[in-house]
Amino acid sequence: MRLSRYFIPTLKEIPAEAVIPSHQLMLRAGMIRGLSSGIYSLLPLGYRVWKKVMQIIREEMDAIGGMELHLPALNPREIWEETGRVEAFGDTMFHIKNRDLVLAPTHEEIITHLAQAFVHSYRDMPQIWYQIQTKFRNEPRPKSGVIRSRQFLMKDAYSLDNSWEGLDASYQKHYEAYCRIYSRCGLEFFVVGASSGAMGGSGSQEFMVESDAGEDLCAFNLESGYAANIEVAASRMPKVGRVDENPAAEKFATPTAKSIDDLVEQYGIPAERCAKALVYFADENPYLIFMSGNDQLNEAKLQTALKANNIRPAHDDELVALTGAHGGSIGPINLKSNIPQIADARLEHANDMVSGANEDGFHYRAIDLDRDANIQQYVDLRTVIEGEPDPIGGQPLKVKKAIEVGHIFKLGTKYSEALKALFLDDQGNSHPIIMGSYGIGVERIVACHIEQRHDKDGICWHPSIAPFQIQITGVKVENDTVREHAERFEAELEAAGFEVLYDDRTGVSPGFKFKDADLLGMPINVIVGEKHLNDGNVEIKIRSTGERRIVPVADVVATCESILAELGA
RNA sequence: CGGAACGUAGCGCAGCCCGGUAGCGCACUACCUUGGGGUGGUAGGGGUCGCGGGUUCAAAUCCCGCCGUUCCGACCA
């Protein structure tokens with residue numbers, strides 16, 4: 001491919017709207033062009049990378065028996081109502097104005113609809129169906145270039161099984177295929193236990209790439225092997241427990257104590273002996289929640305514990321109406337209304353606690369939660385903090401930001417029950433199909449790759465997904481010897497099966513070409529110029545390391561082959 | 001949806017406070033020059049100053065409304 005004829009609109013300056021390196025470099029390298037917030041055109045150079053990522057995904061999905069299909073992006077709204085997900089998605093789902101259609105944000109419903117029509121016997125399973133298609137989500141705030149956008153490519157796979165053991169096997173196959181996919185794309189990644197959220201299901205794991213641009217926090221310890229999204233991460237924190245003396249609860253005035261820290265400072269109460277009370281609404285039902293000291297409530301855990309679609313903190317006026325006091329003075333005793341109470345597991349059976357009196361400016365001490373409160377369940381509701389002991393080996397947890405590049409779910413029967421996708425077992429009994437769902441964000445793989453592999457000059461592609469494996473830089477192609485050699489290398493390298501981008505532009509200075517080559521970031525740059533040709537040599541530069549090898553003209557193809565092999569092509 | 005900033009040529013920006021016929025760099029066109037790390041020069045082309053209204057003799061500039069983009073927060077199947 002000749003660069004003079006290929007459409008690569010590179011930019012010298014960084015467009016103002018791009019903040020993170022992958023977004024800046026995709027724009028500067030002429031890979032993408034923004035059309036509107038969270039909506040991008042993929043230009044030829046960028047689309048080559050996308051296609052390579054999709055090809056790797058296809059190969060690995062096919063290898064575990066997956067069958068690719070193509071599904072409608074326009075869906076009748078009705079089918080999404082049957083699973084309750086019009087409401088669950090809310091404003092995130094695009095609705096067509098002049099038809100009763102929605103733009104599909106994912107495809108569980110459509111797959112289940114197909115299964116309901118065609119999969120009726122235990123003999124028909126297992127099945128793995130997948131698609132690589134555009135998904136639409138009305139993100140309230142697109143950001144970070146293609147990482148969070150309103151229209152994006154996702155590989156979605158769905159497994160259909162006739163037993164829970166079958167689901168485990170299908171899930172495991174996907175787990176292994178995903179590891180191969182990310183490795184082949186040259187990504188460093190890790191896997192964490194995750195929340196299945198509104199997708200439903202019994203378990204899920206996320207494939208994560210560590211990045212400051214990440215929107216997820218993950219807690220992990222490399223020695224013990226524990227790794228979890230902060231939404232579900234646990235730590236081995238001691239329970240607050242009981243003390244021997246257990247006098248009656250006693251009210252005392254705390255006119256200037258509004259926070260746990262105030263109680264600690266003014267009255268010398270150990271922070272963990274404070275039962276911090278919070279009021280949350282879960283699908284419009286209020287709950288009183290107790291946390292120990294300054295432990296941070298984890299809203300994802302609360303939502304899971306309450307099995308709620310939506311949760312939110314109570315407003316100030318609601319606090320007063322429900323408890324009798326403003327925030328900071330709420331507790332288990334003398335509540336104005338009888339609202340359900342749940343508490344973090346650290347507080348289980350604790351006594352000798354301090355908590356609000358439901359009267360502004362007063363607290364109770366010597367509270368026994370078993371005696372003085374009416375707590376219906378104790379569950380883990382804490383947000384773990386870096387340094388706390390992990391739940392496996394008690395090693396200190398680290399917390400890092402990460403980008404989610406894949407998510408695998410054991411869905412179970414949520415969708416098959418809702419859409420009546422049933423099969424008969426060998427006894428003739430009817431059961432809902434047992435499903436799994438497995439997603440990969442295509443553009444996130446590309447973005448994460450660039451986040452992990454770039455320097456001040458540009459991108460450093462891994463050969464597996466580089467737009468071209470080899471760039472040939474013709475230094476002063478007006479010189480016949482230079483041009484003839486460059487063209488010969490182009491032909492020989494292409495004949496050897498490589499993808500080659502030959503910078504044949506005339507009237508462009510060498511420095512300009514070198515800068516462009518570094519920006520575009522092909523793994524190998526074959527530099528053809530008089531300087532070395534006069535000695536019968538050519539310079540070959542490795543983008544990722546900066547290493548330069550001077551090789552005889554006759555060895556160019558062999559050298560490229562061996563370098564690409566070294567680079568893991 | 002809350003808070004903030006920005007919107008002037010394809011890109012990056014100045015001009016706005018203090019109203020008077022729109023500028024710089026890059027890119028683009030032509031010619032010359034240079035030729036191993038974004039050469040140097042000469043001459044050009046390109047802008048309803050986001051949109052609408054208002055104030056004024058006169059608005060990129062002041063006022064009001066809207067739209068868009070980005071950042072922080074909320075949300076994120």
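These figures come from a predicted structure and were not determined experimentally. Throughout, protein chains are lettered first and strands after them, A, B, ... in sequence-line order, and every chain is numbered starting at 1. What's counted below: heavy atoms across the whole structure, side chains too, no hydrogens, waters or symmetry copies.
Closest to the side chain of A:Arg28, out of B:rG36, B:rG38, B:rA74, is B:rG38.
Regarding A:Glu215, its CD atom lies at a distance of 12 Å from the P atom of B:rC75, rounded to whole Å. Between the C1' atom of B:rG38 and the CG atom of A:Leu519 lies a distance of 11 Å, rounded to the nearest Å. Atom P of nucleotide B:rG36 and atom CZ of A:Arg505 are separated by 16 Å, given to the nearest angstrom. Atom CZ in A:Phe281 sits roughly 17 Å away from atom P in B:rC75 (whole-Å rounding). Taking atom NZ of residue A:Lys476 and atom P of nucleotide B:rU39, one finds them 16 Å apart after rounding to whole Å. Across the protein-nucleic acid pair, A:Asn298 atom CG and B:rC75 atom P stand 11 Å apart, rounded to whole Å. Atom-to-atom, CG of A:Asp516 to C1' of B:rU39 comes out at 15 Å; the value is rounded to the nearest Å. With rounding to whole Å, A:His315 atom NE2 is found 12 Å from B:rA74 atom C1'.
Between the A:Lys301 side chain and the A:Arg382 main chain, a donor and an acceptor come within less than 3.5 Å of each other.
You'll find the ring centres of A:Phe220 and A:Phe190 inside the 6.0 Å limit.
As judged by a 4.0 angstrom heavy-atom cut-off over every strand, A:Ser36 is placed among residues touching the sugar-phosphate backbone only. In this structure, A:His532 reaches the bases: a heavy-atom distance under 4.0 Å links it to at least one base atom across the strands shown. Using a 4.0 Å heavy-atom criterion, one finds that A:Arg312 contacts no nucleic acid atom at all.
Shown here, B:rU48 forms no base pair; nothing in the strands shown gives a Watson-Crick or G-U wobble contact with both key distances under 3.5 Å.
Residues passing the side chain to side chain contact (heavy atoms under 4.5 Å, CB included) test with A:Asn285 are A:Tyr287, sequence neighbours excluded.
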Nucleotide N/O to protein N/O under 3.5 Å, stretch nucleotides 24-30 of chain B:
{"from": "B:rG25", "atom 1": "N2", "to": "A:Glu13", "atom 2": "OE1", "distance (Å)": "2.7"}

Could you pull out every donor-acceptor pair under 3.5 Å between side chains of residues 29-43 of chain A and any protein atom, sequence neighbours left out?
{"from": "A:Tyr40", "atom 1": "OH", "to": "A:His23", "atom 2": "NE2", "distance (Å)": "3.4"}

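Between A:Glu284 and A:Arg312, at least one side-chain nitrogen of the basic residue sits less than 4.0 Å from a carboxylate oxygen of the acidic one, meeting the salt-bridge criterion.
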